[in-house]
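Encoded as structure tokens, the structure appears first; notes follow it.
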Amino acid sequence: MTNSGPVIDTNVQPHFRYNAEIRRYLDPASKLRAIPDVEQQWYQAPRGDYRQDLYGEHYPGSDRETLCRHLFDDFGVDYAILNPLTRGNIADYLLNSRICAATNDWLIDRWLDADTTGRLRGTIRVNPEDVAGAVAEIERLAGHPKMVQVGVPMQSREPYGKPMVEPIWAAAAAAGLPVAVHINGGNGVDRPPTFAGHAHTYPGYAAFMPLNYFVHLATLIIEGVFGRHPTLRFVFADGGYDILTPLMWRLDMFWMSMRDQTPWVDRPPSEYLPDHVRFCSSALDGPTDSALVERWIDFSGKADLLMYGSSYPHWSTSPPRSIAAGLEQSQREKVMWRNAADLYGLTSVMEGMVR
């Protein structure tokens with residue numbers, strides 16, 4: 001496939017080749033512990049979680065050369081941001097932190113340091129339920145030249161604006177790393193995926209789970225986290241930005257009427273978005289009529305907030321053209337590469353491609 005310009009894929013999930021591979025990277029005390037399976041999820045997509053052509057001897061998305069061929073050759077991607085998922089929020093928070101550290105070491109060993117293309121970048125996975133451990137993991141790996149963000153699960157037992165987890169965001173901001181929030185499976189100790197409890201079907205889960213990002217976003221603003229950390233940026237990697245405009249309008253309205261409760265929020269909540277928030281999507285959420293897309297994406301300045309992310313190797317993997325249709329030229333450039341280049345420090349090399 002040929003694209004009309006550069007492309008950065010901001011949402012790629014590489015996988016272990018087989019479940020026990022993670023044990024090679026665990027500390028000695030954890031090697032014999034029971035580790036949840038890679039694919040242990042509460043909800044399974046009807047035809048499987050991954051692209052049908054990727055099922056084989058190993059987990060889909062576990063072979064670096066195949067991944068690079070699909071993204072770089074077939075999709076025309078120039079750089080890919082790898083955000084490996086872990087095993088959900090398991091009850092033993094210390095083991096969870098060790099799994100995150102093992103995942104990071106595996107990502108560096110098998111993907112980033114072994115990459116011969118120079119076009120892969122990585123994510124430092126941390127466990128928000130172990131604040132000290134998460135900060136230490138960021139400090140351990142922030143200096144790696146190919147680690148470009150911190151990754152946490154969308155599922156949590158407290159909103160991410162609460163003060164108990166703020167040291168993690170402070171560490172990320174100090175290191176100049178954005179924080180990516182992505183749905184991360186479930187192994188029995190997560191909160192229900194919707195505000196009203198458990199959905200019965202995968203469509204119910206998939207449609208409503210991204211609403212949880214707004215709880216995190218709203219508290220990050222209202223609790224003053226973005227105000228205290230002006231360089232902190234959050235990436236919500238599971239789409240759902242189609243609901244952003246009405247929810248931000250609602251948040252602005254209540255902020256105006258109750259400013260005495262949040263004196264530290266010195267501007268309308270929606271004005272925090274450009275400096276602090278980005279979204280990934282593999283296909284446009286919102287109007288299906290391409291004639292309406294250009295106008296719709298201007299609401300809440302979405303063209304400055306949105307980045308293309310294929311979701312490879314998941315069943316919903318979509319090529320760049322799926323999100324570019326209907327966008328005018330400047331919108332398309334922002335969504336396909338400019339926003340991501342600014343966020344991940346790739347502006348100079350990407351602008352060199354354009355010239």
Side-chain angles (χ1 to χ4, degrees), residues 12-44 48-50 54-67 82-115 120 122-144 146-147 149-158 164-165 167-168 171 180-191 193 313-314:
V12 178
Q13 279 81 52
H15 282 219
F16 289 91
R17 290 173 291 184
Y18 43 87
N19 196 55
E21 185 179 13
I22 191 175
R23 297 187 186 281
R24 300 184 189 179
Y25 299 90
L26 285 168
D27 61 291
S30 303
K31 285 184 181 294
L32 299 181
R33 294 288 302 276
I35 305 297
D37 190 272
V38 171
E39 293 187 296
Q40 185 171 337
Q41 308 284 341
W42 278 358
Y43 295 92
Q44 294 284 332
D49 283 342
Y50 307 108
L54 294 180
Y55 282 95
E57 181 181 357
H58 302 300
Y59 285 118
S62 65
D63 182 76
R64 188 180 65 258
E65 292 183 359
T66 301
L67 179 146
L82 306 182
N83 185 8
L85 305 185
T86 55
R87 309 300 172 98
N89 298 322
I90 63 177
D92 185 339
Y93 74 93
L94 293 177
L95 178 60
N96 196 353
S97 295
R98 292 172 188 138
I99 290 173
C100 288
T103 301
N104 296 333
D105 290 339
W106 162 84
L107 181 69
I108 291 171
D109 180 39
R110 286 209 56 244
W111 293 84
L112 301 182
D113 287 353
D115 172 37
L120 299 179
T123 301
I124 303 170
R125 297 296 310 192
V126 301
N127 174 20
E129 295 188 353
D130 176 13
V131 174
V135 170
E137 189 67 2
I138 293 170
E139 293 175 346
R140 180 175 79 96
L141 295 176
H144 193 287
K146 292 186 178 180
M147 286 295 204
Q149 67 183 3
V150 174
V152 296
M154 183 178 288
Q155 302 93 319
S156 69
R157 281 178 259 201
E158 294 288 348
M164 67 279 290
V165 290
I168 303 175
V181 184
H182 194 289
I183 293 173
N184 197 40
N187 294 293
V189 298
D190 290 338
R191 296 295 189 191
H314 294 278

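In terms of heavy-atom proximity, Ser62 sits nearest to Phe16 at CB-O, 3.5 Å. Pairing each heavy atom of Met154 with each of Val181, the nearest pair is CA-CG1, 3.4 Å. Minimum interatomic distance between Gln155 and His182 (heavy atoms only, all atoms of both residues): OE1-O, 4.2 Å. Annotation for Pro14 and Asn83: closest pair CD-N, 4.0 Å, computed over non-hydrogen atoms. The two atoms that bring Arg98 and Leu26 nearest to each other are O-CD2, 3.7 Å, heavy atoms only. Across Val135 and Ala171, no two heavy atoms sit closer than the pair CG1-CB, 4.1 Å.
Panel note: side chain Tyr55, backbone Tyr50; a donor-acceptor pair is recorded below 3.5 Å.
Using the six-membered ring where Trp is involved, His15 and His314 have ring planes that are perpendicular, over 60° apart on the 30 and 60° scheme.
Taking the salt bridge (Lys or Arg N to Asp or Glu O under 4.0 Å) definition, one finds that Arg23 meets it with nothing, sequence neighbours left out. With sequence neighbours excluded, the residues that form a side chain to side chain donor-acceptor pair (under 3.5 Å) with Tyr18 are Arg24. With sequence neighbours excluded, the residues forming a salt bridge (Lys or Arg N to Asp or Glu O under 4.0 Å) with Arg140 are Asp105, Glu137, listed by chain and number.
Between Leu95 and Ile35, the closest side-chain pair of non-hydrogen atoms falls below 4.5 Å. The side-chain heavy atoms of Pro84 and Trp111, taken from C-beta on, include no pair separated by under 4.5 Å. Put simply, the side chain of Tyr93 reaches to within 4.5 Å of the side chain of Asn127, judged on heavy atoms. Between Arg17 and Asp63, the closest side-chain pair of non-hydrogen atoms is not below 4.5 Å.
One finds the CD atom of Glu129 at 11.0 Å from the CE atom of Met164 (value rounded to the nearest 0.5 Å). Taken to the nearest 0.5 Å, the CD atom of Gln13 stands 10.0 Å off from the CG atom of Leu67. Tyr25 OH to Asn104 CG: the interatomic distance, rounded to the nearest 0.5 Å, is 12.0 Å. Asp130 CG to Asn96 CG: the interatomic distance, rounded to the nearest 0.5 Å, is 8.5 Å. Separating the CG atom in Leu94 from the CD1 atom in Ile99 is a distance of 11.5 Å, to the nearest 0.5 Å. Summarising the geometry, atom NE2 belonging to His144 is positioned 5.5 Å from atom CG belonging to Leu112; distances are rounded to the nearest 0.5 Å.
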Note to self: Please evaluate residues Arg33 and Asp92 with respect to the criterion side-chain contact (heavy atoms from CB on, under 4.5 Å), reporting the C-alpha separation (whole Å), side-chain torsions for both, the decisive distance (0.1 Å), and the verdict.
What the structure shows: CA-CA 11 Å; Arg33 294 288 302 276; Asp92 185 339; 2.8 Å; yes
Check: Given Leu82 and Thr123, is the side-chain contact (heavy atoms from CB on, under 4.5 Å) satisfied, shown in steps?
Finding: CA-CA 6 Å; Leu82 306 182; Thr123 301; 5.8 Å; no
Check: How far apart are the C-alpha atoms of Lys146 and Asp115, what are their side-chain angles, what is the distance that settles it, and do they pass the side-chain contact (heavy atoms from CB on, under 4.5 Å) test?
Finding: CA-CA 10 Å; Lys146 292 186 178 180; Asp115 172 37; 3.9 Å; yes
